Novice: 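Got a structure for you, questions after.
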Amino acid sequence: MRFVRFKTDKESTIKQGIISDRLVREVSGDIFDGWEFTGDSFPEDTVKLAAPLAPNQIIGIGANFVAKKEDLPEKGPDMPVFFFKPNSSVIGPGADIKLPASIEEAKFESELAVVIGKEASGIKEEEVFDYVFGYTIGNDVTAPKLFHEDGHWTLGKSFDTFTPLGPVIETEFDVLAARIEAVHNGEKKQDSPTSLMIVSIQRMIAYLSNVMTLKPGDVILTGSPVGAEFLKENDEIACIIEGIGTLKNKVSKVKQTSVV
């Protein structure tokens with residue numbers, strides 16, 4: 001199933017739905033624990049998609065791809081590098097990535113995003129997919145200018161609009177055969193299979209669950225392939241995963257004075 005959140009021309013309220021046969025069929029309830037169709041439906045081309053969920057929390061992993069299979073280490077890091085992104089950074093398809101006044105450019109990072117569907121604590125790698133609700137696309141927009149010299153990344157990843165998500169949550173998806181792509185101003189810059197991940201999806205989620213309890217609606221950004229470059233004002237970035245869709249956003253500039 002392809003879950004979405006959307007607005008219609010007639011209402012500003014964000015609704016939930018499932019896309020099927022070019023129709024968005026509205027649903028009500030908790031998509032993780034009991035939902036039902038309302039009976040209302042809308043042609044897909046008449047709605048405006050929002051981010052497909054309001055995440056419980058967003059966790060990313062750093063430096064998780066190699067350029068080619070031969071570069072994969074025999075053993076991944078004992079302690080993977082994880083970071084948090086604030087929920088206030090989330091936007092949906094078509095919304096502008098807004099660069100703060102003091103920042104001329106920020107990196108795009110096209111990523112597969114895992115959506116947790118059940119509470120997970122202390123699980124094993126072989127159990128991970130039992131706790132996954134589905135998958136969407138994330139763009140982990142990053143301003144390295146705001147990275148702390150000691151390696152802290154939070155500020156550079158936390159600006160409003162720096163986490164586009166969408167267009168859908170796909171629940172029936174072969175994540176182990178996926179390819180992650182990015183097209184920047186019409187030119188392909190990223191294109192890698194998930195098999196080039198240093199820390200596998202199973203290991204990263206199992207590892208996290210042994211540190212913290214993962215909850216339904218948590219989003220795990222699983223790392224960005226080699227080839228990420230910088231975005232500047234008026235650019236367009238399309239993050240693509242076949243089987244999920246295309247997450248496209250333009251870049252604008254915040255004009256007001258900034259304190260950072």
Side-chain angles (χ1 to χ4, degrees), residues 58-85 106-116 123-129 131-142 144 147 151 153 156-157 162-209 214 218-231 237-249:
I58 306 160
I59 308 167
I61 187 169
N64 197 37
F65 270 81
V66 294
K68 53 186 186 297
K69 190 174 182 179
E70 301 79 60
D71 295 336
L72 283 169
E74 290 186 12
K75 181 177 180 294
D78 291 333
M79 186 185 297
V81 176
F82 291 106
F83 56 87
F84 284 93
K85 299 194 77 172
K107 263 191 172 181
F108 63 82
E109 296 186 15
S110 183
E111 306 199 12
L112 174 72
V114 179
V115 180
I116 300 298
I123 64 174
K124 299 176 182 178
E125 290 186 30
E126 57 267 29
E127 299 173 316
V128 160
F129 292 127
Y131 293 83
V132 171
F133 177 75
Y135 305 88
T136 189
I137 303 171
N139 186 351
D140 177 21
V141 181
T142 302
F147 281 5
W153 297 354
K157 291 179 174 288
F162 270 29
T163 313
L165 294 175
V168 305
I169 301 172
E170 175 58 78
T171 61
E172 299 172 15
F173 183 69
D174 185 359
V175 67
L176 300 181
R179 296 192 73 88
I180 301 161
E181 302 176 62
V183 176
H184 179 211
N185 294 335
E187 183 177 353
K188 185 178 285 190
K189 295 294 185 179
Q190 293 182 291
D191 186 359
S192 293
T194 52
S195 58
L196 293 182
M197 287 182 177
I198 297 168
V199 179
S200 70
I201 290 169
Q202 300 96 305
R203 183 176 177 229
M204 72 178 76
I205 293 175
Y207 188 102
L208 283 169
S209 81
L214 299 175
D218 284 351
V219 171
I220 316 296
L221 300 174
T222 59
S224 188
V226 173
E229 294 186 0
F230 282 93
L231 298 166
I237 180 66
C239 302
I240 305 162
I241 299 178
E242 186 176 350
I244 299 177
T246 298
L247 172 65
K248 188 179 292 186
N249 301 89

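Everything quoted here is computed from the prediction, not taken from an experiment. The basis for the numbers below is simple: all heavy atoms, side chains too, and nothing from hydrogens, waters or symmetry mates. Residue numbers start at 1 and run along the sequence shown.
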Novice: For Val141, is there any backbone N or O sitting under 3.5 Å from a side-chain donor or acceptor partner on Glu109?
Specialist: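 The answer is no, because no donor-acceptor pair under 3.5 Å joins these two groups.
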Novice: For Ala182 versus Ile237, what's the shortest heavy-atom pair and its separation?
Specialist: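 Closest heavy-atom pair between Ala182 and Ile237: CB-CD1, 4.2 Å.
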Novice: Hey, are the side chains of Leu247 and Leu165 touching, using non-hydrogen atoms and a 4.5 Å cut-off?
Specialist: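 They are not in contact (no side-chain heavy atoms under 4.5 Å apart), so the answer is no.
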Novice: If you count the non-hydrogen atoms of other residues, nucleotides and ligands that lie under 6.0 Å from CD in Glu242, is the total more than 12?
Specialist: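 Open.
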Novice: Could you check if a side-chain atom of Phe82 sits within less than 4.5 angstrom of a side-chain atom of Leu208, using non-hydrogen atoms only?
Specialist: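 SC-SC contact between Phe82 and Leu208 confirmed.
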Novice: Would you compute the distance between atom CZ of Phe108 and atom CZ of Phe230 and round it to the nearest 0.5 angstrom?
Specialist: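 Nearest 0.5 Å value for the CZ-CZ distance: 10.0 Å.
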Novice: Sequence neighbours left out, what pairs pass side chain to side chain donor-acceptor pair (under 3.5 Å) with at least one residue falling in residues 173-183?
Specialist: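 Only Arg179-Asp191, Glu181-Lys188 qualify under side chain to side chain donor-acceptor pair (under 3.5 Å).
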Novice: Atom CG of Asp140 and atom OG of Ser110: how far apart are they, to the nearest 0.5 Å?
Specialist: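 Result: 10.5 Å between the selected atoms.
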Novice: With rounding to the nearest 0.5 Å, note down the distance linking CD1 in Ile240 to OG1 in Thr246.
Specialist: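 The CD1 atom of Ile240 sits 4.5 Å away from the OG1 atom of Thr246.
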Novice: Are any non-hydrogen side-chain atoms of Glu229 and Glu187 less than 4.5 angstrom apart?
Specialist: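 No. Closest side-chain heavy atoms not under 4.5 Å.
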Novice: I'd like to check Leu214 versus Ile59 (side-chain heavy atoms, cut-off strictly below 4.5 Å). Are they in contact?
Specialist: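 They are in side-chain contact.
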Novice: If you draw the axis of the six-membered ring of Phe83, does the NZ or CZ of Lys157 fall within 45° of it and under 6.0 Å from the ring centre?
Specialist: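 Output yes; distance and angle both within limits.
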Novice: Within a strict 4.5 Å, meaning less than it, do heavy atoms of the Tyr135 and Leu112 side chains meet?
Specialist: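 Side chain of Tyr135 against side chain of Leu112, heavy atoms only: contact under 4.5 Å found.
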Novice: If you round to the nearest 0.5 Å, how far is OG of Ser224 from CD1 of Ile61?
Specialist: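 Taking CD1 in Ile61 and OG in Ser224, the distance rounds to 12.5 Å.
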Novice: Using the rule given for side-chain contact (heavy atoms from CB on, under 4.5 Å), can you reason through Tyr207 versus Glu125, listing the C-alpha separation, both sets of side-chain angles and the distance that settles it, and then say yes or no?
Specialist: CA-CA 8 Å; Tyr207 188 102; Glu125 290 186 30; over 6 Å; no
Novice: Let me confirm one number: the CG-NZ distance from Leu231 to Lys107, rounded to the nearest 0.5 Å.
Specialist: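 Spacing of CG (Leu231) from NZ (Lys107) equals 11.0 Å.
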Novice: Quick one: do Leu221 and Ile58 satisfy side-chain contact (heavy atoms from CB on, under 4.5 Å)? Show the steps, please.
Specialist: CA-CA 7 Å; Leu221 300 174; Ile58 306 160; 3.9 Å; yes
Novice: Run the side-chain donor-acceptor check on residues 192-201: report pairs under 3.5 Å with partners two or more places apart or on a different chain.
Specialist:
{"from": "Thr194", "atom 1": "OG1", "to": "Val175", "atom 2": "O", "distance (Å)": "2.9"}
{"from": "Thr194", "atom 1": "OG1", "to": "Leu176", "atom 2": "O", "distance (Å)": "3.4"}
{"from": "Ser200", "atom 1": "OG", "to": "Arg203", "atom 2": "N", "distance (Å)": "3.0"}

Novice: Are the side chains of Val168 and Ile244 in contact, using a 4.5 Å heavy-atom criterion?
Specialist: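 Touching, per the 4.5 Å side-chain cut-off.
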Novice: Would you say Lys75 has more than 12 foreign heavy atoms packed within less than 6.0 Å of its NZ?
Specialist: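 Count over threshold, so yes.
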Novice: Give a yes or no on whether the backbone of Thr222 and the side-chain of Asn64 come within a donor-acceptor separation of less than 3.5 Å.
Specialist: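 Yes, Asn64 side chain to Thr222 backbone: donor-acceptor pair under 3.5 Å.
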Novice: Please walk me through it: do Glu170 and Thr136 pass side chain to side chain donor-acceptor pair (under 3.5 Å)?
Specialist: CA-CA 6 Å; Glu170 175 58 78; Thr136 189; over 6 Å; no
Novice: Test of understanding: with ring pair (Phe, Tyr, Trp, His ring centres under 6.0 Å), list the residues that count as partners of Tyr131, not counting sequence neighbours.
Specialist: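 Applying ring pair (Phe, Tyr, Trp, His ring centres under 6.0 Å) to Tyr131 gives none.
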Novice: Mind checking the CG-CD1 spacing from Asp218 to Ile205? Nearest 0.5 Å is all I need.
Specialist: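 Reported value, rounded in 0.5 Å steps: 10.0 Å.
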